[in-house]
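Here the structure comes first, spelled out in structure tokens, and everything after it is commentary.
Throughout, protein chains are lettered first and strands after them, A, B, ... in sequence-line order, and every chain is numbered starting at 1.
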2 protein chains.
Amino acid sequence: MNTPADGTAEHAHTTAWIASVLRTRIAAGELTPGSKLSEEPLCAALGVSRNTLRQAFTTLVGESIVTRIPNRGVFVASPGVEEVREIYRVRRMIEPAAVLWGELTPQVLDGLEAIVQRAQQARDSGSVPAMADANQALHGAVVALTGSASLQELMDRVLAEMRLVFHSMASAPDFHSHYVDRNVTLVKQLRAGERQEAAEGLRAYLDEAEAELLVHLGAEQDRRSAMRQRAG
Amino acid sequence: MNTPADGTAEHAHTTAWIASVLRTRIAAGELTPGSKLSEEPLCAALGVSRNTLRQAFTTLVGESIVTRIPNRGVFVASPGVEEVREIYRVRRMIEPAAVLWGELTPQVLDGLEAIVQRAQQARDSGSVPAMADANQALHGAVVALTGSASLQELMDRVLAEMRLVFHSMASAPDFHSHYVDRNVTLVKQLRAGERQEAAEGLRAYLDEAEAELLVHLGAEQDRRSAMRQRAG
DNA sequence: GAATCCAAGATTGTTCAACAATATTGACCA
DNA sequence: TGGTCAATATTGTTGAACAATCTTGGATTC
């Protein structure tokens, strides 16, 4: 195997490694939603053959991080209104379920509280990305209460798709700050053992977040179609 | 492309087609859990190249229908005790969640009742496979209440893994018959709008089913290790 | 006779080059 | 300006090749 351009050492499973590289780049916003991933340039850039790259593509398609259109190529997934609805359909089921029936040990509760504090600190210091990270971490930790790797994986995929949604919005307004307090009360309710109330509050929270996100997304799409009209 | 041995016509996307062929054969029990899927024989049998077959493998690995061991090959997944536990961790979350918060239209309820009746008829006529199918269909339909394609997909994967579990048990005893009645009451409760009770009953049902399945599976593993000892 | 070690053979992981099938582009024409 | 069609580019699939790894069989040693 030729060593790639950036000099990274060889890896046992090139396919999995390539997939993770692309995954990371997309999550970081380096590859923006909707952009095309042409095979030949990418092969050259990554120093692998077309076959291995294509194999990596199929795993990413399976994770719905990337969309493949037959004979047209693969593109970074760009979630729209319907995808956001699906995301919240999933979250409205598994997050409250985790709250109702998950295993709540003192250690886990401590972990949740630590995450919430991180979010509060990020809000106080005005760091929006850190706040977004902490919020996502909290909801991931909630799903972890289920103890199920499959549900955790599904939730990870959903959160990755959420990041894509945020990346596709040019103006990332202060979407997270007014949800920090709700997360605080959520964890407090869990600490108090009020699962029923926590689940209901969480469902209401998710309803609101979805509605707000859909408004932003609709405005964004309007903006784009306007630009397209102006440009085309 | 050479036409495959069985004469099936060409397809637009060979990779996806090969994956679905293998998926079907595994679900049908034609390829038993644990058996190795060697590349060269399969290529010849399916009439595709190694590269396409390997690409199909990666998608099946993503669906955890098949396990890949580096430099050793891919094998039909053979779920054990831990996998069964994980299956029921998932089911205990998403099925009751669907019951609690899913959308219950009269049409959907009619559909559920039709499936339950199918199960009852299968039990009366003594057809175990038909009964198993109906039971699986019912629980799939329950998850469909969520309206989420992702959750439906996850449930489909879980049910496929369940089939693998049954396939790996030499003696498939009457595992399903005494659960038909519980499904009847579940649908009755849904019709009456008693979601809370339905969800709790469902969770109890899943607990029992898991315990019973684990007993069978443990016995099966004991039997196998005994055979291995006798043979080796 | 049983255990260990090693080399030959077989299988998988990856790459390369080629061709067929399909999509995109741009020129040409009405 | 708008539409049609050929030239071009990209993707989908194949076959062969090679390196890396695993497996198998036999030879050696105790």
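Atom CH2 of B:Trp17 is separated from atom P of D:dT13 by 11 Å (rounded to the nearest Å). Atoms CG (B:Leu53) and P (C:dT14) sit 15 Å apart, rounded to a whole Å. Rounded to a whole Å, the NE2 atom of B:His13 is 15 Å from the C1' atom of C:dA20. With rounding to whole Å, B:Lys36 atom NZ is found 9 Å from C:dA10 atom C1'. The distance from atom CZ of B:Arg72 to atom P of C:dT11 is 13 Å, rounded to the nearest whole Å. When rounded to the nearest whole Å, the span between CZ of A:Phe75 and C1' of D:dT11 equals 11 Å. Regarding A:Leu37, its CG atom lies at a distance of 10 Å from the P atom of D:dT11, rounded to whole Å. Across the protein-nucleic acid pair, B:Glu40 atom CD and D:dT14 atom P stand 15 Å apart, rounded to whole Å.
Identified under the side-chain hydrogen bond (donor to acceptor under 3.5 Å, both in side chains) test for residues 68-77 of chain B, with sequence neighbours left out: none. Residue pairs meeting the salt bridge (Lys or Arg N to Asp or Glu O under 4.0 Å) criterion with at least one partner in residues 94-104 of chain A, sequence neighbours excluded, are A:Arg91-A:Glu95. Listed by first then second residue, pairs satisfying side-chain hydrogen bond (donor to acceptor under 3.5 Å, both in side chains) with a partner in residues 76-85 of chain B read B:Glu82-B:Arg89, not counting sequence neighbours. The side-chain hydrogen bond (donor to acceptor under 3.5 Å, both in side chains) analysis of residues 29-41 of chain B, with sequence neighbours excluded, yields the pairs B:Glu39-B:Arg50, B:Glu39-B:Arg54.
Taking the nucleotide of DNA chain C with the nearest heavy atom to each of A:Pro70 and B:Val74, the more 5' of the two is matched to B:Val74.
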Distances under 3.5 Å only, N/O to N/O: pair up the protein atoms with those of nucleotides 6-8 of chain C.
none

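Nearest heavy-atom pair, A:Ala119 versus A:Asn135, reported as atom, atom and distance to 0.1 Å: CB-OD1, 4.3 Å. Of all heavy-atom pairs between B:Pro33 and B:Leu164, the closest is CG-O, 3.6 Å.
Side-chain atoms of A:Thr14 and A:Thr52 include no donor-acceptor pair closer than 3.5 Å.
For A:Ser64, the side chain to side chain donor-acceptor pair (under 3.5 Å) test picks out no residue, with sequence neighbours left out. Residues meeting the salt bridge (Lys or Arg N to Asp or Glu O under 4.0 Å) test with B:Glu161, sequence neighbours left out: none. Evaluation of the ring pair (Phe, Tyr, Trp, His ring centres under 6.0 Å) rule for A:Tyr205 yields A:His139, A:Tyr179 as partners, not counting sequence neighbours.
The side chain of A:Asn71 has C:dT22 as its nearest neighbour among C:dT15, C:dT22, D:dT14. Comparing C:dT12, C:dT14, D:dT11 against the side chain of A:Thr52 picks out C:dT14 as the nearest. With distances taken from any side-chain atom of B:Arg50 to the nucleotides D:dT11, C:dT24, D:dA17, the minimum falls on D:dA17. You'll find that the side chain of B:Asn51 is closest to D:dG15, out of D:dG15, C:dT12, D:dT11.
Between B:Arg54 and C:dT12, a side-chain N or O to OP1/OP2 separation shorter than 4.0 Å is absent. Side-chain N/O atoms of B:Thr15 include one lying less than 4.0 angstrom from OP1 or OP2 on D:dT13. OP1 or OP2 of D:dG15 has not a single side-chain nitrogen or oxygen of B:Ser49 nearer than 4.0 Å.
Within a heavy-atom distance below 4.0 Å of DNA chain D, no residue of residues 55-68 of chain B is found.
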